[in-house]
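First the structure, in the form of structure tokens, and then the observations on it.
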Amino acid sequence: MKIAQVGLGSFGRKWMNVILRDGEWEYSAISTRNDKAREVAGDCCGLPESARFSNFEEMLEHSKDTDAVLITTPYFMHTEQVLMSLSHMRHVLVEKPLCASLEEAQSIRDAVRDSRMTLMVAENYRFSPGSILMRDLISTGKIGEPEAIFIQYFVRHRFPESDWRNQYQYPLLVENATHHFDMLRYITATEPVTVIGSAFGSRLTDHWEYPTVSAQYEMTGGLNAHFAGSWAYDGFRTPWEGIWRVHGTKGSILWDGDITISKGNTKQTIPVETFPPGHSLKKVLDEFTAALLEKRRPATDIEDNIQTLRMVFCAIESMENMTRVTIA
């Protein structure tokens, strides 16, 4: 199958390495406004000049043999590019976060339904070995019925002065918490019902108004989930997946790199397998490929991912209005 890619920044190049190593796909075209990046990526993919575009719409119009479009541009460009790709009858694999608002997500969902094309959001954390093991432990009743989950994510972020990510108001919620909310839904097989949240700033950050957030979710089945995190602080950095404490009716689980199960005085630690960089992106690509070949919905399609986006944007609504918000 043939894939075209728009967006060739640092993360886009990581995706390019995954695509080039995959046996199911080959590049049909690339698009970026950066002349140097277009030259380097085009040479890397072995593409002729006629398959290297500075204009995204021109790429869609001229690369007629393209089966799917990989979108790795900044999130605020996604909606226009997704809708354009669907209108040209291309399947879409798009980086998270999918878009900048629930209204945009709903317009994308409508377009996917109308076009009958496949769209998958690259929520790669749910494909990590730790997420899969946590889901297995909870679904098999290892700690009984889960009642409370506490997730912590503390990783300080800094970007060059001109970087677009400095424009975020709620950077952690929009850029990182999508991963943790998607994992929460996947691991527990529950969906959000309500949320109440709070956020504050820091003297250590120059750009972001609210780099630190706390959000309490009521999930289906009576499960309570609390997320707390920050982009502001260096001390006691957590893993990228965060630190998870899950308390159930028959025991507890701690996921902090490895996974430890506690029942009374008994503790069992299960090592979590580590893989080289790009592994989880490859798993995303494998799921996208399988969904197309098997003519089914991928695991994180628009119908699924819109629930994760509701957790993000309803939390922001709660923080701005200082009230509990029902998640429709």
**Prompt:** Should the heavy atoms of other residues, nucleotides or ligands under 6.0 Å from CZ of R33 be counted, would the total exceed 12?
**Reply:** no
**Asked** If Ile, Leu, Val, Met, Phe, Trp and Tyr residues are connected whenever their side-chain heavy atoms lie under 4.5 Å apart, and connections chain through other members, are W15 and V92 in the same group?
**Response** no
**Asked** Is there a donor-acceptor pair closer than 3.5 Å between any side-chain N or O of K96 and the backbone N or O of E175?
**Response** yes
**Request:** Measure from the ring center of F313 to the ring center of Y170 and say whether it is less than 6.0 Å.
**Result:** no
**Message:** When you group the ILVMFWY residues by side-chain heavy-atom contacts below 4.5 Å and let the links chain together, are V284 and L293 in the same group?
**Reply:** yes
**Message:** Are L86 and V112 packed together at the side-chain level, in the sense that at least one heavy-atom pair is separated by less than 4.5 angstrom?
**Reply:** yes
**Prompt:** Can you list the steps and then say if V193 with T326 is a side-chain contact (heavy atoms from CB on, under 4.5 Å)?
**Reply:** CA-CA 6 Å; V193 179; T326 297; 5.7 Å; no
**Prompt:** Would you call T32 and S54 a side-chain contact if the rule is heavy atoms closer than 4.5 Å?
**Reply:** no
**Message:** Looking at E61, I want to see if its CD is surrounded by more than 12 non-hydrogen atoms of other residues, nucleotides or ligands under 6.0 Å.
**Reply:** yes
**Prompt:** Linking I/L/V/M/F/W/Y whenever their side-chain heavy atoms sit closer than 4.5 Å, directly or via other members, would I270 and W244 fall into one cluster?
**Reply:** yes
**Message:** Quick one about T308 and E123 (side-chain donor to acceptor, distance below 3.5 Å, no hydrogens or angles considered), yes or no?
**Reply:** no
**Prompt:** Judged by atom type as modelled, is there a donor-acceptor pair below 3.5 Å linking the side chain of T66 to the main-chain atoms of I3?
**Reply:** no
**Message:** Taking A111's backbone N and O only, do any of them form a donor-acceptor pair with S115's side chain (distance below 3.5 Å, no angle check)?
**Reply:** yes
**Message:** Keeping R126 on the side-chain end and M183 on the backbone end, is there a donor-acceptor pair under 3.5 Å?
**Reply:** no
**Asked** Between H157 (side chain) and W231 (backbone), is there a donor-acceptor pair under 3.5 Å?
**Response** no
**Item:** Any side-chain donor near an acceptor of the partner, E218 and N224, under 3.5 Å
**Value:** no
**I302: which of L98, T118, V121 passes side-chain contact (heavy atoms from CB on, under 4.5 Å)** = L98
**Message:** Taking the side chain as everything from C-beta on, heavy atoms only, tell me whether I259 gets closer than 4.5 Å to L254.
**Reply:** no
**Message:** Is there a side-chain contact between C45 and M16 in this structure, where contact means two heavy atoms from C-beta onward sitting under 4.5 Å apart?
**Reply:** yes
**Complete:** Contacts of F275 meeting ring pair (Phe, Tyr, Trp, His ring centres under 6.0 Å) (sequence neighbours excluded), chain-then-number -> H279
**Request:** Pick out which of R297, R185, R109 makes a salt bridge (charged side-chain N to carboxylate O under 4.0 Å, His left out) with D304.
**Result:** R185
**Asked** In terms of heavy-atom contacts, does NZ of K263 have more than 12 from other residues, nucleotides or ligands at under 6.0 Å?
**Response** yes
**Message:** Taking the six-membered ring for Trp, are Y186 and Y125 closer than 6.0 Å centroid to centroid?
**Reply:** no
**Interatomic distance, M84 atom CE to F56 atom CZ [nearest 0.5 angstrom]** = 6.5 Å
**Asked** Do you know which two heavy atoms are closest between R13 and L8, and how far apart they sit?
**Response** NH1-O, 3.1 Å
**Request:** Take R90 and S85 through the test side chain to side chain donor-acceptor pair (under 3.5 Å) and record every step on the way to the result.
**Result:** CA-CA 5 Å; R90 305 298 205 281; S85 299; over 6 Å; no
**Message:** Ignoring hydrogens, what is the shortest heavy-atom contact between F53 and A29? Give both atom names and the distance.
**Reply:** CE1-CB, 4.1 Å
**Prompt:** Which pair of heavy atoms, one from V272 and one from G130, lies closest together, and at what distance?
**Reply:** CG1-N, 3.7 Å
**Complete:** Between R156 and L204 the two heavy atoms that sit nearest each other are NH2-O, 4.2 Å
**Item:** Short side-chain to backbone donor-acceptor contact, S128 and E241, under 3.5 Å
**Value:** no
**Fill in**
Tightest non-hydrogen contact, residues S131 and I187, listed as O-CG1, 3.7 Å
**Request:** Taking the side chain as every heavy atom from C-beta outward, state whether V6 and Q81 have any pair of such atoms under 4.5 Å apart.
**Result:** yes
**Prompt:** Which of parallel (below 30°), tilted (30 to 60°) and perpendicular (above 60°) describes F159 and W208?
**Reply:** perpendicular
**Request:** Show your reasoning for whether side-chain contact (heavy atoms from CB on, under 4.5 Å) applies to V94 and M120.
**Result:** CA-CA 6 Å; V94 56; M120 181 177 178; over 6 Å; no
**Output field: ring centroids F181/F227 closer than 6.0 Å** = yes
**Prompt:** salt bridge (Lys or Arg N to Asp or Glu O under 4.0 Å) between E191 and R310: does it pass, once the steps are laid out?
**Reply:** CA-CA 10 Å; E191 296 295 350; R310 285 189 177 112; over 6 Å; no
**Message:** For C99, is there any backbone N or O sitting under 3.5 Å from a side-chain donor or acceptor partner on H78?
**Reply:** no
**Message:** I want to check something: taking the side chain as every heavy atom from C-beta on, are L223 and I149 in contact at a cut-off of under 4.5 Å?
**Reply:** yes
**Request:** Check whether any side-chain heavy atom of V69 sits under 4.5 Å from a side-chain heavy atom of L60, and report yes or no.
**Result:** yes
**Prompt:** Is it true that a side-chain atom of S318 and a backbone atom of T323 form a donor plus acceptor pair closer than 3.5 Å?
**Reply:** yes
**Message:** With a 4.5 Å cut-off on side-chain heavy-atom distances among I, L, V, M, F, W and Y, is there a chain of contacts connecting M59 to L83?
**Reply:** yes
**Request:** Start with the C-alpha distance between T79 and S107, add both sets of side-chain angles, then the distance that settles side-chain contact (heavy atoms from CB on, under 4.5 Å), and finish with yes or no.
**Result:** CA-CA 8 Å; T79 298; S107 68; 4.2 Å; yes
**Message:** Please evaluate residues T269 and T260 with respect to the criterion side chain to side chain donor-acceptor pair (under 3.5 Å), reporting the C-alpha separation (whole Å), side-chain torsions for both, the decisive distance (0.1 Å), and the verdict.
**Reply:** CA-CA 4 Å; T269 298; T260 301; 3.1 Å; yes
**Message:** Looking at Q106, I want to see if its CD is surrounded by more than 12 non-hydrogen atoms of other residues, nucleotides or ligands under 6.0 Å.
**Reply:** yes
**Asked** Minimum heavy-atom separation for Y153 to T238, with atom names?
**Response** CA-OG1, 3.5 Å
**Prompt:** Do the side chain of S262 and the main chain of K267 share a donor and acceptor less than 3.5 angstrom apart?
**Reply:** no
**Message:** Measuring only between side-chain heavy atoms, which start at C-beta, is K142 closer than 4.5 Å to I138?
**Reply:** no
**Item:** Residues Q5, T72; criterion side chain to side chain donor-acceptor pair (under 3.5 Å); working and verdict
**Value:** CA-CA 7 Å; Q5 181 174 344; T72 56; 3.3 Å; yes
**Asked** Is there a donor-acceptor pair closer than 3.5 Å between any side-chain N or O of R237 and the backbone N or O of F154?
**Response** no
